[in-house]
Amino acid sequence: GENGYAYYPDGKIEFVKNLDEYMDFKIIDGLEISLISPESANLNQPFDITLNVGNLLTTTINNVNVSLSFPTGSNIEDGSFTISSISPNATYTKTWSVSVSDLGPNSISAYVSSDNAGSDRADTRITILGPADIYAIFEPNSITTQTGSVFTISGKVINDGDLPASGIKG
């Protein structure tokens, strides 16, 4: 392809075709990370977030500093720690069970750095869904009626929540 990455013993090189049809090369680093999470989760229900930190080098990477930012309202406040070492061409994996008490879209970010291998960053988004929120509206078919007359009332049930409602009986 015209753009991409090449790997060499001391890290990763990014190459991009420039306007003059030549390739621009940039040494990136020896760390490569990813964050894995579901696209959505239910309010206050646990879900897994997995961090993978890979060593692209042929030498061991030492003292990898990791910093994760979890969504506001999550059960995990501090995602900072240090990985003592990652062997050549190996991947360090850690999974958290997270629950979030704030509805809507949320971001999760990870940043890793090491003195001998550079740095990398990964971001992912997750939407926290709220439970079903049911209410009913009832309306008479006519505004006026005579005493002792039969009249009809129409009603509808509305769900303003994110999740489907079940077990509703009329």
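Values in this document were obtained by computation on a predicted structure and should not be read as measured data. The residues of the chain are indexed from 1 along the displayed sequence.
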Please examine the side chains of [Y] and [X], heavy atoms only from C-beta on, and report whether any two atoms are closer than 4.5 Å.
X	Y	result
Leu51	Leu68	yes
Thr91	Asn55	no
Val53	Ile86	yes

Taking only residues two or more places apart in sequence or in another chain, which ones pass side-chain hydrogen bond (donor to acceptor under 3.5 Å, both in side chains) with [X]?
X	result
Thr93	Asn52
Thr82	Asn65
Ser37	Thr124
Ser80	Asp78

Asp115 atom CG: more than 12 heavy-atom contacts under 6.0 Å: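 Check fails, neighbour count at 12 or below.
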So does [Y] get a backbone contact from the side chain of [X], meaning a donor-acceptor N/O pair under 3.5 Å?
X	Y	answer
Asn159	Asp133	yes
Ser114	Asn62	yes
Asp120	Val112	no

With sequence neighbours excluded, what pairs up with Arg125 under the salt bridge (Lys or Arg N to Asp or Glu O under 4.0 Å) test? none
Run the salt bridge (Lys or Arg N to Asp or Glu O under 4.0 Å) test against Asp123 and tell me which residues pass, sequence neighbours left out.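 Once residues adjacent in sequence are excluded, the partners of Asp123 under the salt bridge (Lys or Arg N to Asp or Glu O under 4.0 Å) criterion are Arg121.
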If you look only at pairs with a residue in residues 34-60, which of them pass as a ring pair (Phe, Tyr, Trp, His ring centres under 6.0 Å), with sequence neighbours excluded?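 Checked against ring pair (Phe, Tyr, Trp, His ring centres under 6.0 Å) - neighbours excluded - no pair reaches residues 34-60.
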Can you name the residues that form a side-chain contact (heavy atoms from CB on, under 4.5 Å) with [X], not counting sequence neighbours?
X	value
Ala122	Ile33, Leu35
Leu43	Leu103, Ile128, Pro131
Pro88	Thr60
Asn42	Gln45, Leu129, Leu163

Holding to ring-ring contact (aromatic ring centres under 6.0 Å, His included), I want the full list of residues that pass it with Tyr111, two or more places apart in sequence or in another chain.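 Applying ring-ring contact (aromatic ring centres under 6.0 Å, His included) to Tyr111 gives none.
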Provide the closest heavy-atom pair for [X] versus [Y] in the form atom of the first, atom of the second, distance.
X	Y	value
Leu57	Asn116	CD1-O, 4.0 Å
Gly118	Leu31	O-CD1, 3.4 Å
Asn106	Pro71	OD1-CB, 3.4 Å
Val100	Ser74	CG2-CB, 4.0 Å

From [X] atom [atom1] to [Y] atom [atom2], the distance as rounded to the nearest 0.5 Å:
X	Y	atom1	atom2	value
Ile49	Thr95	CD1	OG1	9.5 Å
Asn63	Ile83	CG	CD1	10.5 Å
Asn89	Ser87	CG	OG	9.5 Å

Walk me through whether Asp48 and Val98 qualify under side-chain contact (heavy atoms from CB on, under 4.5 Å). CA-CA 6 Å; Asp48 287 344; Val98 179; over 6 Å; no
Between Phe81 and Tyr92, what is the ring plane arrangement, given parallel below 30°, perpendicular above 60°, and tilted in between? tilted
Please determine whether residues Ile108 and Ile76 belong to a single hydrophobic cluster, defined as Ile, Leu, Val, Met, Phe, Trp and Tyr linked transitively by side-chain heavy-atom distances below 4.5 Å.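 Cluster IDs for Ile108 and Ile76 match.
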